[in-house]
Amino acid sequence: MPELPEVETIARGLAQRVTGDVIESVWLGSKPEPLKSPAHLIAETLENARIASVHRQGKHIVFELEHDGAPRRKSRSKRPKTKTAETDRAQWIVHLGMTGQLLVTSPDADLAKHTHAVAKLASGRELRFVDPRRFGRLCVITGEQFEAGGAEPLDVDLETFTRLFRGRKTPIKSALLNQKLLRGVGNIYADEALFRAGIRPRRRASTITRAQFEKLYFSLQQVLKEAIEAGGSSVNDYVDSNGDPGSFQFQHRVYGREGEPCLVCRTPVKRVVIAGRSSHYCPKCQK
DNA sequence: ACTATTTCCTGGATGC
DNA sequence: TGCATCCAGGAAATAG
C-alpha cells in the first residue's frame with residue numbers, strides 16, 4: 001500500500017522521467033470514474049499541458065502543469081489583462097489509495113486490467129493509472145495551491161510534532177494515521193515507528209511523555225528516510241512508476257511479523273486491531 | 001471539537 | 001474443484 005516512502009519513490013521517478021513532457025490527450029476509461037473532479041475538467045486541464053514538475057505531498061502525487069499560449073477555455077469570465085503569451089498554471093493530483101499505480105509505459109505495452117486513465121505524452125510514451133481496488137482518486141486544481149491535510153513528517157519540527165498529539169485521548173496509532181494531523185504515515189510506518197520508539201500502538205496519546213514524543217519523532221523520520229532509501233515497501237501490489245518493487249519489506253521489524261520473534265528480545269510479535277487496522281508490536285519492547 | 005465506526009472495492013487466501 | 005467467506009486498508013461519511 002503506498003504510504004509516504006512509496007509515494008515519494010513514485011514521485012521522484014516520475015519527476016525524472018516525465019518532467020518537461022507534454023500531455024497530448026487523455027483517456028478516462030472506467031465507470032464509476034475514480035475522480036474527484038468532473039471528467040471533462042480533468043481532460044480539459046491535462047490536455048496540452050506541460051508537466052513542469054512532479055512532487056509529493058503526504059500520500060498525494062502532485063503534477064505542476066503549465067499551459068502556454070492561446071487561451072484554452074472560453075468560459076473564463078475575467079482574465080488578468082495581460083492576455084498575450086500568458087502561462088496558465090494548474091495542478092493534477094493523484095492519490096493511489098490502496099492499490100493504485102502510476103506507470104510510464106510504451107504505448108504498445110499490454111493494457112493492464114483496471115486501467116482507469118491513460119495520458120498520451122508528446123514523447124510517445126504513456127502515463128497510466130491502474131487501480132484494482134479503486135480507492136485511488138484523481139483531481140485537478142486551478143487557481144489555488146493544493147494543500148493536503150496536516151504536517152509533513154520529514155519537515156515538521158519536534159515542538160510542532162509533539163503539539164499535534166499532546167492531550168488526545170485516541171490511541172497513538174490512530175493519531176499517527178490521521179492525515180489531518182500528520183500527512184503520509186500509513187499502517188506500515190506507524191507500526192514500525194512505534195516499535196522503534198518503544199511505544200505500544202494502543203497507548204493513549206495523552207499519556208505519552210515529552211521524552212517519548214521526541215523518540216517517536218526521530219524514529220518516524222528515521223524509518224521514513226530508510227524506506228525511501230530502499231524504494232519503499234512492496235507488500236502486495238506496490239511498484240514504482242517503472243514497474244519495479246521496493247525492498248523495505250525486508251527491513252520491517254514488526255509489520256506483518258505476527259507470531260515471529262522480536263528481532264531485539266525474541267518475544268513473539270503480537271497483532272491487535274486498532275480502529276479497524278491491524279497493528280503489530282512487541283509486548284516486551286513496547287510499553 | 002473529538003472520537004469511533006462504517007463504507008467503499010477486488011484479489012488472494014482460507015475453509016468446508 | 002468449487003463456492004462462499006474473510007481479510008487487507010486510506011479516507012470520507014456517519015454516528016455518537
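With a cutoff of under 4.0 Å to any heavy atom of chain A, the contacted region of DNA chain C is bounded 5' to 3' by dA8(C) to dA11(C).
Between Lys113(A) and Arg204(A), the one whose closest nucleotide on DNA chain B sits nearer the 5' end is Arg204(A).
Evaluation of the side-chain hydrogen bond (donor to acceptor under 3.5 Å, both in side chains) rule for Asp131(A) yields Thr99(A) as partners, not counting sequence neighbours. Judged as a side-chain contact (heavy atoms from CB on, under 4.5 Å), and not counting sequence neighbours, the contacts of Gln251(A) are Glu226(A), Ala230(A), Phe248(A). Here His95(A) pairs with His60(A) under the ring pair (Phe, Tyr, Trp, His ring centres under 6.0 Å) rule; sequence neighbours left out.
By the 4.0 Å N-to-carboxylate-O rule, Glu152(A) lies close enough to Arg183(A) to be salt-bridged with it. Ion pairing between Glu8(A) and Arg12(A) holds under the 4.0 Å rule for side-chain N and carboxylate O.
Rounded to an integer number of Å, the gap from CG of Asp131(A) to P of dC9(B) is 12 Å. Straight-line distance from the CZ atom of Arg133(A) to the P atom of dT10(B): 10 Å, rounded to whole Å.
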Ignoring hydrogens and angles, write down the donor-acceptor pairs under 3.5 Å from the side chains of residues 154-162 of chain A, residues two or more places apart or on other chains.
| from | atom 1 | to | atom 2 | distance (Å) |
| --- | --- | --- | --- | --- |
| Asp157(A) | OD1 | Glu159(A) | N | 3.1 |
| Asp157(A) | OD1 | Thr160(A) | N | 2.9 |
| Asp157(A) | OD1 | Thr160(A) | OG1 | 3.0 |
| Asp157(A) | OD2 | Thr160(A) | OG1 | 2.9 |
| Thr162(A) | OG1 | Leu158(A) | O | 2.9 |

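Members clustered with Val239(A): Leu103(A), Val130(A), by chain and number, using a 4.5 Å side-chain heavy-atom cutoff among hydrophobic residues. Cluster partners of Ile274(A), using a side-chain heavy-atom cutoff of under 4.5 Å among ILVMFWY residues and allowing indirect links, are Val272(A), Tyr281(A). Hydrophobic cluster membership of Val264(A), counting Ile, Leu, Val, Met, Phe, Trp and Tyr whose side-chain heavy atoms lie under 4.5 Å apart directly or via other members: Phe195(A), Val254(A), Val269(A).
Counting non-hydrogen atoms under 4.0 angstrom, Phe165(A) reaches nothing in the nucleic acid. Residue-level contact check: Ser278(A) touches the backbone only, with heavy atoms under 4.0 Å from sugar-phosphate atoms and none from bases.
Sorted by residue number, the members of residues 166-188 of chain A with any non-hydrogen atom under 4.0 Å from DNA chain B read Arg168(A), Lys169(A), Thr170(A), Pro171(A).
For the helix from dC2(B)-dG16(C) to dC16(B)-dG2(C), the angle separating the two terminal helix axes comes to 50°, with each axis derived from five pairs and the value rounded to 10°.
For the salt bridge (Lys or Arg N to Asp or Glu O under 4.0 Å) condition, no pair includes a residue of residues 92-111 of chain A, sequence neighbours left out. Applying the salt bridge (Lys or Arg N to Asp or Glu O under 4.0 Å) rule to pairs touching residues 14-29 of chain A yields Asp21(A)-Arg125(A), sequence neighbours excluded.
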